[in-house]
Amino acid sequence: MKYIPTIGLEIHAELSTKSKIFCDCPVGFGGEPNTRCCPVCTGMPGTLPVLNKTAVEYTVKAGLALNCQINEFSKLDRKNYFYPDLPKAYQISQFDLPVCKDGGLTINTPEGEKFIRIERIHLEEDAGKLLHDSYDNYSLADYNRCGVPLIEIVTKPDLSSSDEAREFVEKVRLMLLYSGISDCRMEEGSLRADVNVSIRPVGTDKLGTRTEMKNINSIRGIARCIDAEIERQSELLDEGEAITQETRRWDDNKGESKSMRSKEDAHDYRYFPEPDVVPISFTKQQIEALRHSLPELPNKRFAKYTADFGLSETDANLLLTSVSLSDFFESTAKECGNPKAASNFIIVEVLRRLNDSGLAAEAIPFGGNVLGRLLKMVDGEEITAANAKKVLADMFDTGMEPEAIVAGKGYKVINDTGEVENTVREILAANEKAVAEYLEGKEKTFGFLMGQCSRALAGRGNPKVVQDILRSELNRLKGSC
Ligand code: ADP
Ligand code: MG
Ligand code: ZN
């Protein structure tokens, strides 16, 4: 490698408030174009915005989850630009006093842990969507997304590779998801990133000229666009050419970017304090109350799963991929008192079922505590592990309680040794030839006889007990020969 890459991200997340940031239009993906808007979010003259309190609180929660400081005083600013997706011709955003500043997250790299600094998180309104491809001579505008509350998380240029960027965005995504402030659906554009990339020759300190790729809406796209841009810039420097500071459009299908506009045509946004919205102020107590309202975040849960529960990092990460799955696991573990068994059963049996049926953890038709009761029965040797899987299948199909399924199907392990003894004796009587072979020293027939007994007990025999009784019955026969 002749060059050192530097990457900075601007991550946008749409907040999952019920209504938009300055009016009471509903927030939601899709919908018939222009059915979720009103004079306020379409910027009609004479209308006035009213700031959504929940949107501000969600921004604070995002900041707290991402280890930021919260400004007790912040304000909104008007960012002027004309583009038809923004009917007011200005966006209400934040300029010099964002809600959150100076945070960051630790990521794992092959060289060890690395702290990626977050410069700021500010609150703003989303713009509408333009559809350019449907007609030849004109474009269509859909203003449903106008005024959806949006936060922008700006990192310092601390990332050095596409892998680091991927890991960082995944971590940020999980933090926001667990904070409950955004659904972070990249495929629906509720989480998207602008990617800034520069390179500099090894042995130098001054950062190179950066380019920016806007609105990338998949983690894979972010990683691919970084790699492609590092390669493109390296080729230019190799040929002795300069990098121009510009905005480039990334085409994820082609896997390449094209220049959109250079810094020279950059807008002068003429920021000024938004006169129609009062500034935001918080007391320390209000900020602490919001901190306490956050659920346990994924980094804490990870530490608990690995250190306290003894799960592997891979298993812990798997269980943490969604809030529902992690909550489900925790209530299963709590109920059965055996986190390791709960983790194994969920990862092997429950996740397989979800994958096969293409369902998410939200769709599990019973609570984690109910699964916990099933696992407690296995732990207490009331049912066998094999039958537990059958019970699980029925729980998925019928939503019935495990106790009812076990009783109905007669899965309860027979702990009455008398019943097992009787069955074993019957089997031995019915298989004289096999018994004779065993007594002549053919140990293999033991397995055969064991199988016969298990079948006769319909899988309800505690295998250990059946084995012991079979062994002692055979020994008895041996003694009497
Ligand atoms: P703008 O508002 O024009 O996009 P900012 O100064 O806010 O500019 O920077 C935006 C992003 O670019 C930040 O994430 C920052 O870390 C990143 N960045 C700044 N300089 C560089 C650089 N030389 N190489 C890579 N990324 C950079
Ligand atoms: Mg930018
Ligand atoms: Zn509206």
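Just so you know, ligand 1 is whichever comes first in the structure, and atom 1 is the first atom listed for that ligand. Computed from a predicted model, the values in this text were never measured in an experiment.
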Practice item. Might you confirm whether atom CD of Glu187 has over 12 heavy atoms from other residues, nucleotides or ligands at distances under 6.0 Å? Key: yes
Check your understanding: Is atom CD of Glu113 surrounded by more than 12 heavy atoms (other residues, nucleotides or ligands) closer than 6.0 Å?
Key -> no
Practice item. Would you please classify the geometry between the Phe95 ring and the Tyr271 ring as parallel, tilted or perpendicular, with 30° and 60° separating the classes? Key: parallel
Check your understanding: With atoms numbered from 1 as shown, which atoms in ligand 1 lie under 4.0 angstrom from a non-hydrogen atom of Gly8?
Key -> 14 (O), 16 (O), 17 (C), 26 (N)
Exercise for review: May I ask you to check if Lys171 and Phe168 form a cation-pi contact, with NZ or CZ under 6.0 angstrom from the six-membered ring centre and within 45° of the axis?
Suggested key: no
Exercise for review: Run down the list Arg120, Arg210, Gln245, Glu10 and name the one with the heavy atom closest to atom 18 (N) of ligand 1.
Suggested key: Arg210
**Study point:** Structural part of Leu9 in contact with ligand 1, heavy atom criterion under 4.0 angstrom
**Key:** backbone
Review point. Would you say Pro157 has any N or O atom under 3.5 Å from an N or O of ligand 1, going by distance alone?
Key: yes
Practice item. Give a yes or no answer on whether the side chain of Thr306 reaches the backbone of Phe302 with a donor-acceptor pair at less than 3.5 Å. Key: yes
Point to revise | Set of ring pair (Phe, Tyr, Trp, His ring centres under 6.0 Å) partners for Phe272, sequence neighbours left out | key: none
Review point. Just wondering, is there an N, O or S atom on Cys41 that's nearer than 2.8 Å to the Zn ion (ligand 3)?
Key: yes
**Study point:** Nitrogen or oxygen of Gly208 less than 3.5 angstrom from that of ligand 1
**Key:** yes
Point to revise | Close-contact set for ligand 1 against Leu207 heavy atoms, below 4.0 Å | key: 23 (N)
Review point. Which atoms from ligand 1 have a heavy atom of Val154 less than 4.0 Å away?
Key: 13 (C), 14 (O)
Practice item. Provide the number and element of each atom of ligand 1 under 4.0 Å from a heavy atom of Thr155. Key: 13 (C), 14 (O), 15 (C), 16 (O)
Review point. So which bit of Asn196 gets within less than 4.0 Å of ligand 1, heavy atoms only: side chain, backbone, both or neither?
Key: both
Exercise for review: For Lys156, counting its heavy atoms only, list the atoms of ligand 1 lying under 4.0 Å from any of them.
Suggested key: 16 (O)
Check your understanding: Taking only residues two or more places apart in sequence or in another chain, which ones pass salt bridge (charged side-chain N to carboxylate O under 4.0 Å, His left out) with Asp183?
Key -> Arg185
Check your understanding: Just by distance, do the side chain of Glu14 and the backbone of Ser182 share a donor-acceptor pair under 3.5 Å?
Key -> no
Revision key, fill the gap. For the Zn ion (ligand 3), angle spanned by Cys25 SG and Cys38 SG (nearest 10°) is 100°
